[in-house]
Visitor: 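Here it is, the structure, as C-alpha cells.
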Amino acid sequence: MSRDGLELYPYYMPVDVFSLGASWEKDPICFDYRPYYRPPMLGVDMISNPWGCENFFQGDIVIATRDNVNSPFVEWQPSNLQRSISNEGAPCGVLKDENTFDVFTQNRDDIEHMKIMFMRDVPRNPTSETAVSVTSTAGEEDNPHIERLDDNTLLLFFDRDRHIYHSLSYNNGSTWQEPVLIMHVLNGQAPYDLQPHLWSDGTGWWVYFCAENEQGKRCIYKSKQQIANGWDSWSEKQLVIEPDEITGGYGIILGGR
C-alpha cells in the first residue's frame, strides 16, 4: 500500500493452489490448470509459458485505488507492472512527493530465480521499463521493503532463502551496498525468519517479521532498533500475532505480513 493509503498493489493469483496438488504431482509442468482457475482473471496471462503447455498459471500485480483512507478498495484492475511469463511479487513503494514513487519489486521469469528489482522516480502505477536488478544470486530473494531515510539514503530489507538481509544506498539508489545478513535477534531461528516490514513510531525504528514459535507455528513478531541507524542492532523479539488451531485439523494458519 502507498504511504498515503490511496493505492493497494497486491500479488494476485487467480488459481485454487490448495486443490491442485494431486495434478501437480502427476505433471509438475503441463497439466490442465483450467479447472483450478478462479476468476476474475484481471489480465493475468494464463497462456504464455516457456514449455509449450496449452495453459498455465502465474501471479501478477494488480491495483486498486481510492479517493480517501475512509473509503474501501472496491474496483480492481491490472497494474502496469504486469508482464507475461513471470511472477511479479507485490511491490513496496515509498512516496517521494505527491505523484512520485521509489519502488522495489521482486521478479522471477519462470526459468530463472527470484531477484530484487528497483525503480526510482516513477509514477504511482509504474511500468517495469526502468526496473534494474539490485541483487541477484542463486538464492531466492523476495519480500523487499524500502525506506527513504533522507534525500540521498535509501534502505532495503528483504529475505534470501529465509534469512533477512539489508542493503543501503547513499546516492539515491544509483548503487547499493553488498547485502548484509542480519544476525542480531533476527535470523535467530534461521532459516525461518522472513518477510521484514519496517516502521518508525517517530522515536525509533521497528522491524516486523514472521518466524516460528516454540510450537512450530508461524507467528508475527516485532523488534525495536537498539542503536540509531544500526540495522543489525535489534532488541529481543516481541510476539504480535500467534495463530490458533483450526478445529478438526482442516487446514493450517500462517502468520505473515
Visitor: Can you tell me how far the CD atom of Glu178 sits from the OG atom of Ser167, to the nearest 0.5 Å?
Guide: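 It comes to 8.0 Å.
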Visitor: Report the distance from atom CG of Asp232 to atom CD1 of Ile164, rounding to the nearest 0.5 Å.
Guide: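 So the gap between those two atoms works out to 11.0 Å.
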Visitor: When you compare the side chain of Asp102 with that of Arg148, does any pair of heavy atoms fall below 4.5 Å?
Guide: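 Yes, close enough: below the 4.5 Å cut-off.
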Visitor: Does Met183, at its CE atom, have more than 12 non-hydrogen atoms belonging to other residues, nucleotides or ligands within less than 6.0 Å?
Guide: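 No.
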Visitor: Please answer whether the main-chain N or O of Leu81 pairs with a side-chain N or O of Ser128 as donor and acceptor at a distance below 3.5 Å.
Guide: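 Pair absent, no side-chain N/O of Ser128 close to backbone of Leu81.
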Visitor: Can you confirm whether Thr127 sits close enough to Met119 that some side-chain heavy atom of one is under 4.5 Å from a side-chain heavy atom of the other?
Guide: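 The answer is no, as the side chains (C-beta and beyond) never meet within the 4.5 Å cut-off.
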Visitor: Compare all side-chain heavy atoms of Trp234 with those of Val207 and state whether any distance is below 4.5 angstrom.
Guide: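 SC-SC contact between Trp234 and Val207 confirmed.
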Visitor: Got a second to check how far Thr175's OG1 is from Leu168's CG, nearest 0.5 Å?
Guide: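 Taking OG1 in Thr175 and CG in Leu168, the distance rounds to 11.0 Å.
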Visitor: Establish, yes or no, whether a centroid distance under 6.0 Å links the rings of Tyr165 and Phe157.
Guide: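 Ring-ring flag for Tyr165/Phe157: false, centres at least 6.0 Å apart.
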Visitor: If two hydrophobic side chains count as joined below 4.5 Å and joins carry through other members, does Trp76 share a cluster with Val74?
Guide: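 No: no chain of side-chain contacts under 4.5 Å links Trp76 to Val74.
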Visitor: Who passes salt bridge (Lys or Arg N to Asp or Glu O under 4.0 Å) against Arg120, sequence neighbours left out?
Guide: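 So Arg120 forms no salt bridge (Lys or Arg N to Asp or Glu O under 4.0 Å) with any residue.
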Visitor: If hydrophobic clusters are built by linking Ile, Leu, Val, Met, Phe, Trp and Tyr wherever their side-chain heavy atoms come under 4.5 Å apart, do Met13 and Leu8 end up in the same one?
Guide: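 Same hydrophobic cluster.
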Visitor: Please report whether the ring centroid of Trp51 lies less than 6.0 Å from that of Phe56.
Guide: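 That pair passes the under 6.0 Å test.
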Visitor: Side chains of Glu147 and His145: donor-acceptor distance under 3.5 Å anywhere?
Guide: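 The answer is yes; a qualifying pair exists.
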Visitor: Are we looking at SG atoms under 2.5 Å apart for Cys30 and Cys53?
Guide: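 Cys30 pairs with Cys53 as a disulfide (SG atoms under 2.5 Å apart), so yes.
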Visitor: Show your reasoning for whether side-chain contact (heavy atoms from CB on, under 4.5 Å) applies to Lys237 and Lys222.
Guide: CA-CA 5 Å; Lys237 66 176 182 282; Lys222 65 178 180 178; over 6 Å; no
Visitor: Between Arg218 and Leu194, is any pair of side-chain heavy atoms under 4.5 Å apart?
Guide: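 Counting from C-beta outward, Arg218 and Leu194 do come under 4.5 Å.
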Visitor: Which atom names give the shortest non-hydrogen contact between Ser223 and Phe209, and what distance separates them?
Guide: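 Scanning both residues completely, I find the closest heavy atoms to be CB-CE2, 4.3 Å.
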Visitor: Any heavy-atom pair between the side chains of Asn171 and Asn152 that's under 4.5 Å?
Guide: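 SC-SC contact between Asn152 and Asn171 ruled out.
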Visitor: To the nearest 0.5 Å, what is the distance between CD1 on Ile63 and CD on Gln82?
Guide: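 Reported to 0.5 Å precision, the distance equals 10.5 Å.
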Visitor: From Leu42 CG over to Ile61 CD1, what is the distance, rounded to the nearest 0.5 angstrom?
Guide: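 Those atoms lie 13.5 Å apart.
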Visitor: Please report the shortest heavy-atom distance between Pro144 and Cys92, naming the atom on each side.
Guide: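 Scanning both residues completely, I find the closest heavy atoms to be O-CB, 3.4 Å.
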Visitor: So do the side chains of Phe31 and Leu20 get within less than 4.5 Å of each other, counting heavy atoms only?
Guide: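 Contact flag for Phe31/Leu20 side chains = yes.
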Visitor: Could you check whether atom CG of Asp151 has more than 12 heavy atoms from other residues, nucleotides or ligands sitting under 6.0 Å from it?
Guide: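 Counting neighbours around CG of Asp151, 12 or fewer heavy atoms of other residues, nucleotides or ligands fall under 6.0 Å, so no.
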Visitor: Taking all heavy atoms of Leu154 and all of Asn172, pick out the closest pair and write down the distance.
Guide: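 Shortest heavy-atom separation between Leu154 and Asn172 comes out as CD1-C, 3.7 Å.
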Visitor: Test side-chain contact (heavy atoms from CB on, under 4.5 Å) on Phe57 and Asn49 and set out the steps.
Guide: CA-CA 9 Å; Phe57 83 93; Asn49 66 87; over 6 Å; no
Visitor: Does any non-hydrogen side-chain atom of Gln225 lie less than 4.5 Å from one of Ser235?
Guide: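 They are not in side-chain contact.
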Visitor: May I ask you to test the Asp142-Phe158 pair for a side-chain heavy-atom distance under 4.5 Å?
Guide: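 When only atoms from C-beta onward are counted, Phe158 and Asp142 do not touch, as no gap falls below 4.5 Å.
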Visitor: Is it the case that Asp67 and Ser71 place a side-chain donor and acceptor less than 3.5 Å from each other?
Guide: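 On atom types as modelled, these side chains do not qualify, holding no pair under 3.5 Å.
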Visitor: Go through it in stages, so that I can follow the logic: the residues are Val44 and Tyr12, the test is side-chain contact (heavy atoms from CB on, under 4.5 Å), and I'd like the CA-CA distance, side-chain angles, deciding distance and then a yes or no.
Guide: CA-CA 8 Å; Val44 178; Tyr12 182 67; 4.2 Å; yes
Visitor: In the single-linkage hydrophobic clustering (I, L, V, M, F, W, Y; side-chain heavy atoms under 4.5 Å), do Tyr36 and Val17 co-cluster?
Guide: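 The answer is yes; both residues are in one hydrophobic cluster.
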Visitor: Report the C-alpha distance between Phe118 and Leu156 in whole Å, list the side-chain angles of each, state the deciding distance to 0.1 Å, and finish with yes or no for side-chain contact (heavy atoms from CB on, under 4.5 Å).
Guide: CA-CA 10 Å; Phe118 173 59; Leu156 167 66; over 6 Å; no
Visitor: Is Glu54 atom CD crowded by more than 12 heavy atoms from other residues, nucleotides or ligands, each under 6.0 Å away?
Guide: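 Count not over threshold, so no.
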Visitor: If you take all heavy atoms of Gln195 and Cys210, which pair is closest and at what distance?
Guide: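 For Gln195 versus Cys210, the nearest heavy atoms are OE1-SG, 3.1 Å.
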Visitor: I need the Ile220 CD1 to Leu239 CG distance, nearest 0.5 Å.
Guide: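 Going from CD1 on Ile220 over to CG on Leu239, the span is 9.5 Å.
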Visitor: Under 4.5 Å between side-chain heavy atoms, hopping through other hydrophobics if needed: is there a path connecting Val15 to Phe18?
Guide: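 Same hydrophobic cluster.
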Visitor: Do you know the tightest heavy-atom contact between Pro196 and Asp159?
Guide: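 Nearest pair, atom of Pro196 first, then Asp159: CD-OD2, 3.9 Å.
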Visitor: Check the hydrophobic clustering (I, L, V, M, F, W, Y; side-chain heavy atoms under 4.5 Å; chains of links allowed) and say if Trp206 and Ile241 are grouped together.
Guide: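 Linked, Trp206 and Ile241 end up in one cluster.
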Visitor: Would you please say whether a donor-acceptor pair under 3.5 Å links the side chains of Glu242 and Asn213?
Guide: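 Per modelled atom types, Glu242 and Asn213 side chains form a pair under 3.5 Å.
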Visitor: Compute whether any side-chain donor of one residue and acceptor of the other, for Arg160 and Asn143, lie under 3.5 angstrom apart.
Guide: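 Arg160 vs Asn143: no donor-acceptor pair found between side chains.
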Visitor: With a 4.0 Å cut-off, would you call Arg66 and Glu75 a salt bridge?
Guide: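 The answer is no: the pair does not qualify as a salt bridge.
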Visitor: Please report the closest heavy-atom contact between Ser174 and Ser169, naming both atoms and the distance.
Guide: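 Heavy atoms of Ser174 and Ser169 come nearest at N-OG, 3.9 Å.
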